[in-house]
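Input: a single structure, listed below in structure tokens.
Residue numbers begin at 1 in each chain, while the letters A, B, ... track the order of the sequences. Predicted model, so just to flag it, every value in this text is computed and none were measured.
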Amino acid sequence: MTPVLRVSDLRKSFGPVEALRGADLELHAGEVLAVVGDNGAGKSTLIKHIAGVYQPDSGEMLLAGEKLALRSPREARARGIETVYQDLALADDLSIGANIFLGREPVRRFLGLLPYVDDRTIRRETAALLQRIRSVIPAEARTVARLSGGQRQAVAIARAIYWQAKVVLMDEPTAALAVMERERVIEHARELASHGVGVIYIGHNLTEILKVADRIAVMFRGRTVHVTAAGDTTQETLIKYMTGYSETEKAA
Amino acid sequence: MRSLLRRLPIETYVISFTVALWIALSLATPNFLTESNISNMMRQTSIAAIVAIGVMCTIVIAGIDLSVGSVVAFCGVLFAQMCAHGLALPLAALITLAAGLLVGATNAFAIGRLGIPAFIVTLAGLQVYRGLALLLSGGMTVGGLPPSVKDFARGTTILPNLFWAMLAVGVAVHYLLRYTRTGRYLYAMGSNAEATRRQGINTFRITMVAYVLSSSLAALAGILLVSRLSIASPSMANAYELQAIAAAVVGGASLFGGRGTVLGAVVGAVLFTTMSNAAVLLSVDPFWEMVLEGLLIALVVYLDNLQKRRQSGG
């Protein structure tokens, strides 16, 4: 089966700093692939290439077998790549539905003339959607301002499901959350995968990573050094690869 | 009961307060509830409300427009000069509105493309357009206008024409804000500009819409004010920006962006007109009136701040 996303030998320098020195990634539909690594290993830089924020110096990305050369985050979205940010994702003064449909509102016309946003459809679809992801958010909450961090992420995830994203990038999604809420986010990531979405999950907490991921890719100094099934590895092994211990061992 | 009270929109309180003020005034002075006073108040309110509606749009995107008072004066003088020099009224009005549009586009460009804070851009505008109004009028009142100029504002079609003008503007802007995608993006941008941009929305276009609306409505107010006074003075509409901002904020617009309605701005304008009318009728020293207005503005912004803090805390 063609992977939904294939990244090969991606390289990127910022001035004298080589942030990526040959990153590889293969993501399949319906799986959660965790990307781990120490600070500065290049996880975020890699993700930002997939999200269209950065353009690589060299290397290639393929989305479902088709060449992916993104010039902007907007283009990434149009191709079916959604990013769930830990913050900055929602407009507080808008309703949940308005947020899910932001930028893609359905429009109808009064008497075939004056266009207006079809809020009735938005409300109906939103209610159905929240039920589908079994979210505990009250659909009638007037704005998202009072939602908790986890609920806000559920809204962002609902958005990705509704717009049938192929790839969802979750960048440190639990960093700012309470323990209970982290569990919800893990469930949401699994939920996304069960809808056939390819999920890339970036995180620090290895216990959490082992729980959420199907496969794990370890990055070290700008390269992918190790890829494993989550069931076949342990925290100790991952830490060895993350700290470069196994590389020096090989070199010796 | 308490939760019900909290859920009521802020307009409800402002309307109640205004109505209470009306009742008090009609008891306190025989001159309040007269036909001439009421139609005079309606005319005054209408022009103030049109300016307030425009400024409210910039507040919704978490911006501000401090230049509207000067733009009213500049466009009023421009309109009067053209009329005094024999240009046909509709053409003069059209050119004046175009000038207002251009002012707004310039503001939006400076804010959205050059990245200068809205506060600074429009503060500069406040000075520039007042200066242009003085230049264009030679520092003198522009009079000797053809009598047809005052026909519109002095005329009445059941209610004063100016009131109908405000109603038309109000309905149009309400439709834009409440029912169109552009309107929704104004609120989205004021709420979280970065998130709005990430959803692929052109925030520069939204900035353009807000500031062009604000300046164009100020230009319209300039035309209407000249029609009402049948002269144009370069010093007219002084401090209108403050009243307009205050009216919008009293009516529920948040200076943090993301909130504000046409109804609120109109209700706010009615309140401020009532207050200055009360000051005249009760012969309160106009200097005290300024002090009171200033304090009311400070109080309202404080309440806005409080609400925002409570919201982010909960």
Can you tell which of G200(B), G258(B), S191(B) has the highest number of heavy-atom pairs within less than 4.5 Å of chain A?
S191(B)
Using 30° and 60° as the class boundaries, would you call the ring planes of Y116(A) and Y179(B) parallel, tilted or perpendicular?
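Rings of Y116(A) and Y179(B): perpendicular, over 60°.
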Does a donor on one side chain and an acceptor on the other come within less than 3.5 Å for Y185(B) and Q199(B)?
no
Basic-acidic side-chain contact under 4.0 Å: D92(A), R259(B):
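Result for this pair is no, no salt bridge flagged.
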Check each atom of [X] against the heavy atoms of chain B and say whether the ones under 4.5 Å are side chain, backbone, both or neither.
X	result
N99(A)	neither
V117(A)	both
R159(A)	side chain
P115(A)	both

Highest number of heavy-atom pairs under 4.5 Å with chain B: which of A91(A), A98(A), P73(A)?
A91(A)
Can you give me the closest heavy-atom contact between G59(A) and L10(A), atom names plus distance?
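Nearest pair, atom of G59(A) first, then L10(A): C-CD1, 4.0 Å.
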What pair of heavy atoms forms the shortest contact from L186(B) to L176(B), and how long is it?
CD1-CD2, 4.4 Å
Which atoms of Y187(B) are under 4.5 Å from chain A, going by heavy atoms: the side chain, the backbone, both sets, or neither?
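Both the backbone and the side chain of Y187(B) come within 4.5 Å of chain A.
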Atom pair CD/CD of E82(A) and Q164(A) - distance to nearest 0.5 Å
11.0 Å
